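Along the sequence shown, residues carry numbers from 1. Given the structure is predicted, the values throughout are model-derived calculations rather than measurements.
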Amino acid sequence: MKTKQRTRGFAAAFVSACTFALLPLFSVPVMNAGMETPSVLIYRFLFGSIFILAGMLYLHIDLKITLSDLWRLVVLAVLNDFTALTQFYSFQHIDSGAAITIFSVYPVFTCLIMVLFFHERLTLRTAIAIVLAVVGVGVVSGIDLGGGTEADLLEGMSLALAAGLSYSLYMVLVPVLGVDDMHSLKLTFYVFVLGLGFLLIFTPFTPAGIQPVGDWQVAATLLLLGLVPTAISNLTLIVGLRNIGSTLTSILGDLEPPVAMTVGVLALGEKVTAVQVVGLVLIVLAVSIIILKKSGKAATVRTGK
């Protein structure tokens, strides 16, 4: 029985990492077709919320929240929107595989925030992870340390880093705000719904406004965006956490950058150099060091990623 549980857990964690890495596959083509980022996210959160709600109902998860929970969820929803917006905008400036890889340093940001603001001790292990992450980001983004950088490259890298930083703040605030005991799917559902509400208020004031779905191909892609890298990724993450724990599930999450880069090359026509692969390895190593260091702590379910 235990072997079956572990097999189920490893399979679910593997699926979770791989499905999240497909985020650019279902978002970049829609943006290339002319839909602006806020509208893409409206449809992602809408369809994602519906699918996650279906999963909650199937698992008999209570939908009730208190007023005290509501304001905390509003804070997290704002951070989630910022994370999603900056991440999706980064896809417009740099290759999606590189953007996902740069974003994946968020556990290092989380650790750094704990050191700077919560008096967590800076160990040699943490310091090594930070250095590896910084070097890895520089290599993946293609920065020429001997000269300047192109404006587009710098903007894309900055957006991906901003997304990682805001998601690390999200992870830090979940326990600080006292919502870490809420079921992960319930937390994700309300963050998505509230984030959708904010986008519906904000987007009409943007130049493009809320854009309609153009044709059935765009509609199908947006539906898959809400299903595969959103609902399925979150549902299988829960199964992984329950069967093999947070550490092994998080380590399997290191599959996201290489899978995202592979998808970018095979499906989106992006290019990856040998030097960028070295950078990817450095980032994965840095994140693994942080995850293993915090092996006793629970993982947080993905939302804005």
Side-chain angles (χ1 to χ4, degrees), residues 14-55 58 80-81 83-101 103 152 156 159-160 163 188-189 191-193 195-237 255-272 302-305:
F14 177 80
V15 170
S16 179
C18 291
T19 51
F20 174 74
L22 297 179
L23 185 65
L25 181 64
F26 301 114
S27 57
V28 172
V30 175
M31 292 189 287
N32 288 341
M35 185 173 286
E36 298 293 330
T37 294
S39 292
V40 176
L41 288 175
I42 283 174
Y43 293 112
R44 183 200 178 196
F45 289 166
L46 174 62
F47 294 137
S49 298
I50 293 171
F51 287 126
I52 291 174
L53 176 61
Y58 176 77
N80 177 63
D81 276 1
T83 300
L85 285 166
T86 50
Q87 186 177 47
F88 275 51
Y89 276 126
S90 71
F91 294 162
Q92 299 176 9
H93 297 280
I94 57 177
D95 287 349
S96 60
I100 291 287
T101 302
F103 169 82
D152 207 41
L159 286 166
T188 302
F189 172 73
V191 166
F192 273 8
V193 169
L196 173 61
F198 295 143
L199 285 171
L200 288 172
I201 295 171
F202 158 77
T203 305
F205 296 98
T206 62
I210 300 176
Q211 297 168 275
V213 177
D215 53 55
W216 71 268
Q217 289 179 317
V218 172
T221 305
L222 288 170
L223 194 65
L224 289 171
L225 177 64
L227 176 63
V228 180
T230 307
I232 290 178
S233 183
N234 278 288
L235 287 166
T236 50
L237 180 66
L255 288 169
E256 291 168 9
V259 171
M261 278 196 166
T262 302
V263 169
V265 171
L266 297 179
L268 302 175
E270 299 174 354
K271 296 180 179 178
V272 177
R302 304 175 184 85
T303 53
K305 287 175 51 179

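Evaluation of the side-chain hydrogen bond (donor to acceptor under 3.5 Å, both in side chains) rule for Q211 yields no partner, not counting sequence neighbours. Residues satisfying the side-chain contact (heavy atoms from CB on, under 4.5 Å) criterion with T206, sequence neighbours excluded, are F202, T203. Applying the side-chain contact (heavy atoms from CB on, under 4.5 Å) criterion to L159, with sequence neighbours excluded, gives T86, Y89, S90, H93, E155. Under the rule for a ring pair (Phe, Tyr, Trp, His ring centres under 6.0 Å), Y43 has no partner lying at least two apart in sequence or in another chain. Annotation: side-chain contact (heavy atoms from CB on, under 4.5 Å) contacts of T236 (sequence neighbours excluded): A12, V15, S16, I232. The side-chain contact (heavy atoms from CB on, under 4.5 Å) check on L46 picks up I50, L196, with sequence neighbours excluded.
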For residues 23-37, which side-chain donor-acceptor pairs fall under 3.5 Å, sequence neighbours excluded?
| from | atom 1 | to | atom 2 | distance (Å) |
| --- | --- | --- | --- | --- |
| S27 | OG | L23 | O | 2.8 |
| N32 | ND2 | V28 | O | 3.4 |
| T37 | OG1 | Q92 | NE2 | 2.9 |

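Judged by distance alone, the side chain of T19 and the main-chain N or O of T230 form no donor-acceptor pair under 3.5 Å. Between the side chain of D215 and the main chain of Q217, a donor-acceptor pair closer than 3.5 Å is present.
Of all the heavy atoms in P229 and L225, the pair that sits closest is CD-O, 3.2 Å. The two residues I100 and Q87 come nearest to each other via the heavy atoms CD1-NE2, 3.8 Å. Across every non-hydrogen atom of E256 and A21, the tightest pair is O-CB, 3.5 Å. Shortest non-hydrogen contact noted between I201 and P204 is O-CD, 3.5 Å.
Distance check: D152 CG to I94 CD1 gives 9.0 Å after rounding to the nearest 0.5 Å. Of the inter-residue distances, the one linking L199 atom CG with L85 atom CG reads 6.0 Å to the nearest 0.5 angstrom. Rounded to the nearest 0.5 Å, atoms CD1 (I42) and CG (L222) are 11.0 Å apart.
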Stepwise side chain to side chain contact (heavy atoms under 4.5 Å, CB included) check, L53 with F189: CA-CA 7 Å; L53 176 61; F189 172 73; 3.7 Å; yes
Criterion side chain to side chain contact (heavy atoms under 4.5 Å, CB included) on L223 and F51, from CA distance to verdict: CA-CA 10 Å; L223 194 65; F51 287 126; 4.0 Å; yes
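Under the 30°/60° scheme for interplanar angles, the aromatic rings of F45 and F192 are found to lie parallel.
Atom CZ of F198 is surrounded by more than 12 heavy atoms from other residues, nucleotides or ligands within 6.0 Å.
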